[in-house]
Amino acid sequence: MSRDHLGDRLTAYAAWKRQLLDALEAFRAWLEPYRPESGEDDLRLYETLEAVRRDRLRLAFVAEFSRGKTELINAIFFAGYGRRLLPSEAGRTTMCPCELFHDREADAPYVRLLPIETRADARTLAELREAPECWVHLPLDVQDPERMAETLREVVRTRRVPVAEARALGFPVSPTDGAGPEADTVEIPRWRHALISFPHPLLEHGLVLLDTPGLNALGSEPELTLQLLPSAQAVLFLLAADTGVTQSDLEMWNHHVRGAEGAAHGCRIVALNKIDVLWDELKEADEIAAILREQCRRAAEALGISPEGVFPVSAQKALVAKVRGDEALLERSGLPALERYLYQEVVPNRQRMLQAHVLGRLGPLIDGLRLELTGRLQRARQELEHLRALQGRNAEVLEQLLERSRTEQAAYLRSVESFQASRRLLRQQARELLAALDLQAFDRLIRQTRQAMQEAWTTRGLRQGMQHFFAGARDAMVQAADQAEQTRRLVLATYRKFHEAHGLPALEPRAFSVEPHLQALHRLMVEAEAFRNSPITAMLEQHVVVRRFFVTLVAQARALFFQAHQEAEAWLRDVMHPLVHQIKAHRQDMDRRLETLRRISASREALEERLQVLTQECRRCSTDLEALEALQARLAAPLPEGGAASTEAATA
Ligand SMILES: Nc1nc2c(ncn2[C@@H]2O[C@H](COP(=O)(O)OP(=O)(O)OP(=O)(O)O)[C@@H](O)[C@H]2O)c(=O)[nH]1
Ligand SMILES: [Mg+2]
């Protein structure tokens with residue numbers, strides 16, 4: 001059997017994440033004495049820790065029905081069970097989206113199934129996830145692969161319902177669907193979504209697989225397209241060698257896979273499956289290879305990607321080869337090349353993203369601390385120098401120094417007073433920024449649009465409703481962006497003033513921008529457009545369209561506003577902290593210097609004492625700076641090479 005490189009890489013990734021968590025915990029402990037009063041920094045650290053703990057590597061499999069998605073999942077991940085674990089058959093098989101993962105909090109493996117009737121529910125899928133009573137819970141017997149496969153067959157179950165009921169649940173029913181002996185009923189999936197948790201080694205390392213059903217599932221379940229696919233690090237799109245690129249493959253690629261590209265930072269991988277249908281025994285190997293190359297070239301051309309981006313595979317033969325331990329067949333199946341891509345590109349890519357997130361969140365805090373420490377070190381050194389120069393000087397010089405320090409202090413206090421005035425102005429500006437992101441105003445827009453759309457029974461009316469909604473949302477966001485820019489300028493000017501007038505360190509205030517949210521809103525607009533133009537939407541009943549649109553798209557847009565509002569609030573609360581801190585420290589320094597000068601003029605021993613204190617302070621600052629550098633290096637540690645060494649590290 002070939003080495004499990006993907007497993008090794010995921011193990012290395014899991015080990016790296018544990019080290020990152022340790023480094024974050026160490027940072028938190030180190031930070032404690034520095035920031036006793038800063039709840040914002042605590043929150044920031046806590047959120048970063050949670051983001052690392054909750055991190056999952058999501059791989060989604062998307063394609064028209066019967067292209068072999070489920071078979072490919074079986075071949076890549078579950079061949080170790082020695083059988084076909086997930087049901088894969090000719091024709092439509094997987095009837096509902098299936099998420100496979102490992103739920104650490106659950107006592108035992110399970111399958112949780114959400115009945116299809118919940119489509120009539122106004123709650124989003126995300127909300128339903130939090131409502132266990134809505135799901136059917138089945139235990140999964142992982143000791144017995146046969147029974148496990150049997151339980152997993154639930155995901156292919158269907159039921160027949162009257163045409164009207166199918167329509168009411170939002171299934172597009174075409175005129176031909178009701179034909180034949182069972183003219184008044186149609187077949188629909190039994191379940192809407194399946195959550196499958198079991199302790200497979202890769203899933204335990206945080207891998208989440210999303211198997212989607214082909215045939216219209218994407219268009220009729222917008223949350224899949226809008227949430228689950230964009231949150232996947234990689235989307236594997238499958239074509240089949242026996243069908244070539246059909247119109248519906250193209251439709252799916254353009255609407256749901258390629259379109260989502262801007263939304264996720266992840267990658268799109270294309271596999272041309274079922275290449276074994278080309279293995280004609282009457283043809284030479286060269287000839288078959290040429291045909292295959294040509295098929296890949298044509299597929300790439302149709303999808304608008306480069307031919308190297310298409311991986312020719314045979315999922316079925318790969319599964320057989322892995323189960324039987326047939327290395328030659330496995331190589332011929334093309335699966336090793338696809339797996340290599342997954343562990344060489346997708347896993348390191350995820351690692352880089354998570355690291356960038358952590359450094360992005362904590363970078364400003366670390367920079368601020370470094371500045372503070374270097375500032376303290378510098379001030380202590382300066383004072384040391386000053387005082388050393390005073391050793392052996394007469395009382396007159398000391399008196400002059402005292403006088404100068406008093407004048408400096410008075411000027412400084414005047415600046416601090418004017419700083420309080422700037423803060424009042426900032427508070428006013430902050431109110432305006434938060435008002436632009438106000439959720440109550442946004443909810444009013446939602447209500448208006450819902451009403452307009454419910455009254456508009458024409459396609460044109462619906463289109464206008466959607467356009468009105470997104471135009472309103474965009475205006476509010478653009479206004480927030482303007483306010484944020486003005487606030488940022490005010491903050492920057494205040495920071496500069498103290499640097500220029502009183503020599504405080506040149507601090508860069510923490511940045512804030514609503515730009516990422518504006519971009520996310522734009523992507524939602526593009527998705528809304530795709531949803532509206534999709535042929536499925538045209539076949540759905542009007543009220544179903546309205547509800548779907550609101551439940552999904554609007555919930556997402558609202559979530560964006562909510563997040564932007566929270567970020568703005570946190571930023572406004574936080575942005576002046578470093579300066580306030582410096583102002584206070586500077587003032588204390590001035591007071592202390594005056595006090596020292598006074599004491600020195602009274603007694604020469606005070607000078608020696610102070611010299612000692614300052615030497616210690618210099619030593620402490622240098623040690624703390626070194627510790628901070630070491631912690632930062634731990635946070636920026638690269639992903640270790642996969643392999644035995646890292647596996648040991650992970651299990652140690
Ligand atoms: N010859 C051949 N058949 C394959 C291959 N991969 C899958 N199949 C067959 O194609 C059929 C469909 O495979 P599935 O894995 O169920 O396809 P799917 O994309 O999951 O389909 P849905 O779940 O309906 O969306 C099954 O009969 C598989 O055995 C392959 O590499 N070669
Ligand atoms: Mg399937």
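First listed ligand is number 1; within each ligand, the first listed atom is number 1. The model shown is predicted, which means the values in this text are computed figures rather than measured ones. Throughout, residue positions are numbered sequentially from 1 according to the sequence presented.
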Are the side chains of Ile116 and Arg192 in touch, meaning some heavy atoms are under 4.5 Å apart?
->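 Ile116 reaches Arg192 side chain to side chain.
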
Under 3.5 Å, N or O to N or O, is [X] touching ligand 1 that way?
X	value
Ser314	yes
Val313	no
Ala90	yes
Asp211	no

Between [X] (side chain) and [Y] (backbone), is there a donor-acceptor pair under 3.5 Å?
X	Y	value
Arg112	Leu195	no
Ser333	Val313	no
Arg268	Val257	yes
Lys322	Ala75	yes
Asn349	Val346	no

Have a look at Asp276, Leu335, Ile275, Asn273 and point out the one with the heavy atom closest to atom 6 (N) of ligand 1.
-> Asn273

So which of Met95, Arg67, Lys274 gets nearest to atom 5 (C) of ligand 1, if we judge by its closest heavy atom?
-> Lys274

Whether [X] and [Y] hold their rings parallel, tilted or perpendicular, with breakpoints at 30° and 60°:
X	Y	value
Trp253	Phe237	tilted
Trp135	His193	perpendicular
Phe198	His200	perpendicular

Name of the residue among Asp141, Ile196, Leu140 meeting side-chain contact (heavy atoms from CB on, under 4.5 Å) with Met148 =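 Going through Asp141, Ile196, Leu140 one by one, the side-chain contact (heavy atoms from CB on, under 4.5 Å) with Met148 is satisfied by Leu140 alone.
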
Quick one: list whatever passes side-chain contact (heavy atoms from CB on, under 4.5 Å) with Arg104, sequence neighbours left out.
-> Arg56, His102

Should the proximity of Gln316 to ligand 1, defined as any heavy atom under 4.0 Å, be assigned to the side chain, the backbone, both, or neither?
->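 Answer for Gln316: both.
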
Check each atom of ligand 1 against the heavy atoms of [X] and keep those under 4.0 Å away; list them by number with element.
X	value
Gly214	25 (O)
Glu89	11 (C), 12 (C), 13 (O), 16 (O), 26 (C), 27 (O)
Ser88	13 (O), 14 (P), 15 (O), 16 (O), 26 (C), 28 (C), 29 (O)

Ignoring waters, how many protein N/O/S atoms are under 2.8 Å from the Mg ion (ligand 2)?
->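 Step by step: take the Mg ion (ligand 2), keep protein N, O, S below 2.8 Å, and you get 2.
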
Can a non-hydrogen atom of Ala63 be found less than 4.0 Å from any atom of ligand 1?
-> no

